[in-house]
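Input: a single structure, listed below in structure tokens.
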Amino acid sequence: RVILPGVGAFSTAMANLRTTGFEDSVKNFVNTGRPFLGICVGMQLLMEHSSELGSHQGLSLISGNVEKLAFCHNSAPKIRIPHIGWASVKINGTESKASQYKTVLFPDDEYYYFVHSYACRPLFKGDGLATCDYGGQKIIAAIGRGNIIGVQFHPERSGQAGLSFLQRFLTI
């Protein structure tokens with residue numbers, strides 16, 4: 001298994017993958033069919049494109065874009081960006097090529113810690129494995145395709161729920 005963590009900006013993280021040669025290493029590993037996990041920016045890098053700090057190409061392992069979270073002036077309470085805090089993750093009802101992982105990785109009503117201003121928008125609905133609610137808006141909390149899983153939350157900051165998630169990832 002490989003875990004691609006991520007903290008910071010998409011553009012910097014992707015540039016670092018390219019200059020160190022890890023971009024090809026990630027793609028080669030994914031092609032082995034073994035489980036791969038991207039965390040936070042590591043999840044966003046799996047997408048084709050991000051609009052964070054300009055226009056940047058990603059790893060293109062999952063079709064779609066990374067876009068700034070919408071700010072909603074009319075919501076109660078008002079939505080603040082970045083999204084910082086705890087949220088429960090709900091399994092998406094659609095079938096996915098990674099659906100065999102959904103029930104193993106995401107038990108109902110677990111709360112995880114989020115810190116982000118941008119979110120994945122997968123092109124294919126089935127690539128969205130789970131969502132969370134932030135101020136009445138559904139945000140993609142997990143994506144997946146085949147052996148690839150990505151989570152927007154930080155398991156390492158999510159206490160026992162995060163530790164349990166990582167332990168379950170190690171069993172798939």
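Note that this is a predicted model, so its numbers are computed, not measured.
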- Task: Identify which one of Val2, Leu170, Ile149 satisfies the side-chain contact (heavy atoms from CB on, under 4.5 Å) criterion when paired with Leu37.
- Result: Ile149
- Do any N or O atoms from the side chain of Ser158 and from the backbone of His154 form a donor-acceptor pair under 3.5 angstrom? yes
- Message: Quick check for you: to the nearest 0.5 Å, what is the distance between Asp24 atom CG and Leu59 atom CG?
- Response: 10.0 Å
- Query: Are Leu46 and Phe22 in one and the same hydrophobic cluster, where Ile, Leu, Val, Met, Phe, Trp and Tyr link if side-chain heavy atoms are under 4.5 Å apart?
  - Reply: yes
- Item | Where Cys132 and Ala141 come nearest, the two heavy atoms and their spacing | N-CB, 4.0 Å
- Message: Measuring from atom OG of Ser50 to atom CD of Gln57, what distance do you get when rounded to the nearest 0.5 angstrom?
- Response: 10.0 Å
- Query: Considering all heavy atoms of both residues, which atom of Pro122 and which atom of Ile143 are nearest to each other, and what is their separation?
  - Reply: CG-CG2, 4.0 Å
- For Leu129 and Gly126, which heavy atoms make the closest approach, and how far apart are they? CD2-O, 4.2 Å
- Message: Under the side-chain contact (heavy atoms from CB on, under 4.5 Å) test against Thr131, which residue among Ile140, Ile139, Ile91, Val89 passes?
- Response: Ile140
- Which pair of non-hydrogen atoms, one from Phe165 and one from Pro155, has the smallest distance, and what is that distance? CD2-CG, 3.9 Å
- Query: When rounded to the nearest 0.5 angstrom, what distance separates NE2 in His116 from CD1 in Ile81?
  - Reply: 8.0 Å
- Could you state the interatomic distance from CG (Leu45) to CE (Met47), rounded to the nearest 0.5 Å? 11.0 Å
- Item | Approximate separation, where rounding is to 0.5 Å, of Cys40 SG and Met43 CE | 8.0 Å
- Query: Under the 3.5 angstrom rule, does the side chain of Glu48 hit a backbone N or O of Gly64 as a donor-acceptor pair?
  - Reply: yes
- Query: Is it true that the side chains of Ser117 and His83 contain a donor and an acceptor less than 3.5 Å apart?
  - Reply: no
- Item | Heavy-atom closest pair, residues Phe10 and Gly58 | CZ-CA, 3.6 Å
- Task: Please test Leu61 against Val26 for side-chain contact (heavy atoms from CB on, under 4.5 Å), starting from the C-alpha separation and ending with a verdict.
- Result: CA-CA 10 Å; Leu61 296 170; Val26 166; 4.2 Å; yes
- Message: Quick check: is Leu163 connected to Phe169 through a chain of hydrophobic side chains (ILVMFWY, heavy atoms under 4.5 Å apart)?
- Response: no
- Go through the steps to decide whether Ile39 and Leu4 satisfy the test side-chain contact (heavy atoms from CB on, under 4.5 Å), and finish with yes or no. CA-CA 6 Å; Ile39 296 174; Leu4 178 61; over 6 Å; no
- Query: Do Tyr113 and Tyr118 share a hydrophobic cluster (ILVMFWY, side-chain heavy atoms under 4.5 Å, transitive)?
  - Reply: no
- List for me each residue that meets side chain to side chain donor-acceptor pair (under 3.5 Å) alongside Gln160, sequence neighbours excluded, and say none if there are none. Ser164
- Item | salt bridge (Lys or Arg N to Asp or Glu O under 4.0 Å) partners of Glu156, counting only residues at least two apart | none
- Message: Working to the nearest 0.5 angstrom, can you tell me the gap between Asn65 CG and Leu123 CG?
- Response: 8.0 Å
- Are the side chain of Asn147 and the backbone of Val30 linked by a donor-acceptor contact shorter than 3.5 Å? yes
- Message: Phe114 vs Trp86, test: side-chain contact (heavy atoms from CB on, under 4.5 Å). Steps then yes/no.
- Response: CA-CA 6 Å; Phe114 290 79; Trp86 296 85; over 6 Å; no
- Item | Sequence-distant partners of Lys27, salt bridge (Lys or Arg N to Asp or Glu O under 4.0 Å), two or more places apart | Glu23
- Mark yes when over 12 heavy atoms from residues, nucleotides or ligands other than Tyr111 sit less than 6.0 Å from its OH; otherwise mark no. no
- Query: Is the side chain of Gln44 donor-acceptor paired with the backbone N or O of Val66 at a distance under 3.5 Å, no angle test?
  - Reply: no
- Query: So which heavy atom on His49 is nearest to which on Ser51, and how close?
  - Reply: CE1-N, 4.0 Å
- Message: Below 30° counts as parallel, above 60° as perpendicular, anything between as tilted: where do the rings of Phe153 and Tyr112 land?
- Response: parallel
